[in-house]
Q: 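Would you mind keeping the following structure in view while I ask a few things?
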Amino acid sequence: MKKNLLTFANILGGVALVCVMAVCQTANGSAMATSQKEMLLSQAGFKTKTVTTPKQQQQVSQLAENKVSAVKYKGKLYYVYPTGKKDQIFVGKQAQFDAYKQALQAQQANQKANQRAQMLTGSPERVGETAGPRHITVQVFDGFGPLDPMD
């Protein structure tokens with residue numbers, strides 16, 4: 001009886017550990033995606049600027065989260081990305097934005113190739129909604145048009 005109780009406690013502890021790990025991975029997943037995006041922006045030549053004044057904080061708070069926004073400043077076009085805390089912004093011009101888009105496309109192509117390789121090895125990683133026997137990712141889109149605008 002004591003052995004069965006100990007075994008049950010070990011199994012229950014293992015299940016709890018797996019649940020905690022899954023929650024941590026979900027919470028860290030968005031943080032990792034944000035840090036990867038910030039790394040790509042930096043590699044593309046975007047410069048960081050610290051948000052210091054209340055007026056700057058107000059303007060940065062109006063920017064879309066997790067997206068690069070086109071803004072005009074003194075008649076010139078810039079591309080701006082706020083950090084998660086919105087205490088800094090990444091700023092670049094057209095050349096840096098083009099380099100970022102190319103790096104992002106290369107990263108996405110690499111991720112797709114890795115997913116295909118995993119599927120071929122018999123251990124697919126399921127992301128989002130899937131359909132069919134081969135676990136094809138279903139992309140949700142509004143209206144008609146290409147499912148993957150990056151292609």
Side-chain angles (χ1 to χ4, degrees), residues 12-151:
L12 189 60
V15 170
L17 180 63
V18 169
C19 290
V20 168
M21 288 173 54
V23 168
C24 289
Q25 284 181 342
T26 302
N28 290 335
S30 63
M32 285 176 46
T34 299
S35 67
Q36 280 185 331
K37 185 174 265 191
E38 291 176 5
M39 183 185 69
L40 287 176
L41 289 166
S42 181
Q43 289 174 348
F46 276 69
K47 302 294 181 202
T48 57
K49 303 283 182 186
T50 302
V51 178
T52 56
T53 68
K55 184 176 180 180
Q56 290 174 343
Q57 290 172 344
Q58 179 187 15
Q59 291 173 330
V60 169
S61 69
Q62 295 173 357
L63 294 172
E65 290 187 33
N66 297 322
K67 290 188 180 182
V68 177
S69 300
V71 297
K72 280 200 172 184
Y73 178 70
K74 294 186 179 180
K76 294 184 180 179
L77 181 65
Y78 294 93
Y79 294 91
V80 180
Y81 177 83
T83 60
K85 294 180 183 177
K86 296 197 175 191
D87 59 345
Q88 286 186 327
I89 57 173
F90 285 82
V91 180
K93 293 184 179 179
Q94 188 67 51
Q96 289 81 26
F97 183 66
D98 291 342
Y100 163 72
K101 287 193 309 185
Q102 288 178 343
L104 187 61
Q105 287 175 344
Q107 182 186 49
Q108 290 172 343
N110 190 26
Q111 287 174 345
K112 284 182 183 181
N114 288 341
Q115 287 176 348
R116 286 185 189 117
Q118 285 179 345
M119 288 175 71
L120 292 174
T121 61
S123 59
E125 180 180 323
R126 297 180 188 182
V127 179
E129 298 179 37
T130 60
R134 296 191 183 183
H135 309 291
I136 300 167
T137 301
V138 177
Q139 295 188 15
V140 179
F141 65 100
D142 184 24
F144 296 96
L147 292 177
D148 189 358
M150 300 308 246
D151 286 353

Q: Between Val80, Leu77, Ile89, which is the residue that forms a side-chain contact (heavy atoms from CB on, under 4.5 Å) with Val71?
A: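 Output: one option passes, namely Val80.
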
Q: Does CD belonging to Gln62 count more than 12 external heavy atoms closer than 6.0 Å?
A: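 Counting other residues, nucleotides and ligands, CD of Gln62 exceeds 12 neighbours.
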
Q: Out of curiosity, Gln88 CD to Thr83 OG1, how far, rounded to the nearest 0.5 Å?
A: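 The CD atom of Gln88 sits 5.5 Å away from the OG1 atom of Thr83.
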
Q: Nearest 0.5 Å please: distance from the CD atom of Glu38 over to the CZ atom of Phe46.
A: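 Result: 12.0 Å between the selected atoms.
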
Q: Strictly by modelled atom types, are Asp98 and Gln102 linked by a side-chain donor-acceptor pair under 3.5 Å?
A: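 Per modelled atom types, Asp98 and Gln102 side chains form no pair under 3.5 Å.
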
Q: Taking only residues two or more places apart in sequence, or in another chain, which ones meet Tyr79 in a ring-ring contact (aromatic ring centres under 6.0 Å, His included)?
A: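 Tyr79: ring-ring contact (aromatic ring centres under 6.0 Å, His included) contacts with Phe97.
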
Q: So, for Lys37 and Tyr81, which heavy atoms are closest and what is the spacing to 0.1 Å?
A: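 Residues Lys37 and Tyr81, closest heavy atoms: CD-CE1, 3.4 Å.
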
Q: Heavy-atom count check: over 12 atoms from other residues, nucleotides or ligands less than 6.0 Å from Lys93 NZ?
A: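 For Lys93, atom NZ is not crowded (no more than 12 foreign heavy atoms under 6.0 Å).
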
Q: Nearest 0.5 Å, please: how far is CD in Gln105 from CG in Asn110?
A: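 Those atoms lie 13.5 Å apart.
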
Q: For a quick test of your reading: what N or O donor-acceptor pairs under 3.5 Å do the side chains of residues 52-59 make, sequence neighbours left out?
A:
{"from": "Thr52", "atom 1": "OG1", "to": "Gln56", "atom 2": "OE1", "distance (Å)": "3.0"}
{"from": "Thr53", "atom 1": "OG1", "to": "Gln56", "atom 2": "N", "distance (Å)": "3.1"}
{"from": "Gln56", "atom 1": "OE1", "to": "Thr52", "atom 2": "N", "distance (Å)": "2.7"}
{"from": "Gln56", "atom 1": "OE1", "to": "Thr53", "atom 2": "N", "distance (Å)": "3.2"}

